[in-house]
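Data first, discussion second: the structure below is written as structure tokens.
Both ligands and their constituent atoms are indexed starting at 1 by order of listing. The structure presented is a predicted model; accordingly, all values stated were derived computationally and were not measured. We count residues from 1, following the sequence as given.
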Amino acid sequence: MTLELSGLSKSFNGQTAVDQIDLNVPTGSMYGFLGGNGAGKTTTFRMILGLLQPSEGHITYNGEKIDYNVTNQIGYLPEERGLHPKLKVDEQIRYLGQLKGMSKQDADRRLDEWLERFEVPENRTKRIEKLSKGNQQKIQLIASIIHDPKLIILDEPFSGLDPVNVEILKSAVKELNSRGATIIFSTHRMEHVEELCESMCILNKGRQVVSGRIDEIRKDFGQKEIIIEGE
Ligand code: ATP
């Protein structure tokens with residue numbers, strides 16, 4: 001079963017941002033969206049999430065239209081991030097957990113598991129604005145998966161982080177995938193996709209340049225380096 005995008009397009013005021021995208025993301029896989037600035041990655045994610053209405057085309061998940069009333073289906077880490085700087089970590093996560101229908105105890109328990117996993121249990125009662133960028137991004141990831149979603153969409157989860165934190169975040173994403181979640185993430189960097197994903201697509205100016213299994217794409221591209229502008 002898959003997440004399937006068929007002929008998916010989006011225009012803003014007559015300008016095409018996403019142009020006829022057709023993709024299959026197999027359940028349980030890790031899928032990379034590679035593309036530079038303005039390629040259409042965020043717009044595509046926002047359509048999958050039901051935050052934007054497609055101009056054309058449709059999206060199915062396991063053969064059916066996504067029911068956005070089932071709040072625990074999808075987890076989302078937005079590119080613009082979304083934590084409240086003045087809240088303490090536990091307050092923020094409880095609040096988000098409760099929006100997803102979780103009890104305070106369940107949200108606390110999962111927060112503690114992840115803080116232990118990241119080896120930063122002391123951050124539980126710190127204000128988000130007091131944390132380093134890397135630690136804020138760990139909390140952002142926890143926020144997006146607190147309700148244990150089966151489909152996780154991460155918009156540029158590794159951007160703006162130092163190499164050590166990129167590795168920590170990658171390892172957490174791998175673990176979520178190995179526990180059974182389907183993960184889609186966007187990036188400007190081919191090396192992230194090659195390390196983590198089985199399948200990928202490359203978007204450029206809203207168009208799908210290439211998509212499919214990475215080993216097959218590699219055969220087509222040969223040893224040519226795939227370079228995406230910008231970061
Ligand atoms: P980046 O890596 O810079 O985040 P992206 O691949 O996520 O880029 P999008 O944010 O999806 O790209 O943008 C695709 C195009 O759609 C861009 O030209 C952008 O200016 C345009 N766009 C996105 N959202 C809107 C909007 N709400 N109104 C008008 N134009 C928009």
Between the side chains of [X] and [Y], does any donor sit under 3.5 Å from an acceptor?
X: Ser6; Y: Asp22; value: no
X: Arg117; Y: Ser171; value: yes
X: Lys138; Y: Asn165; value: yes
X: Asn177; Y: Lys174; value: no
X: Gln20; Y: Gln208; value: no

(Q) Using the ring-ring contact (aromatic ring centres under 6.0 Å, His included) criterion, which residues pair with Phe118? Sequence neighbours excluded. (A)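 Phe118: ring-ring contact (aromatic ring centres under 6.0 Å, His included) contacts with Trp114.
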
**Q.** Residues in the immediate environment of ligand 1 (any heavy atom closer than 4.0 angstrom)
**A.**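 Lining ligand 1: Phe12, Ala17, Gly36, Asn37, Gly38, Ala39, Gly40, Lys41, Thr42, Thr43, Glu79, Glu156, His188.
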
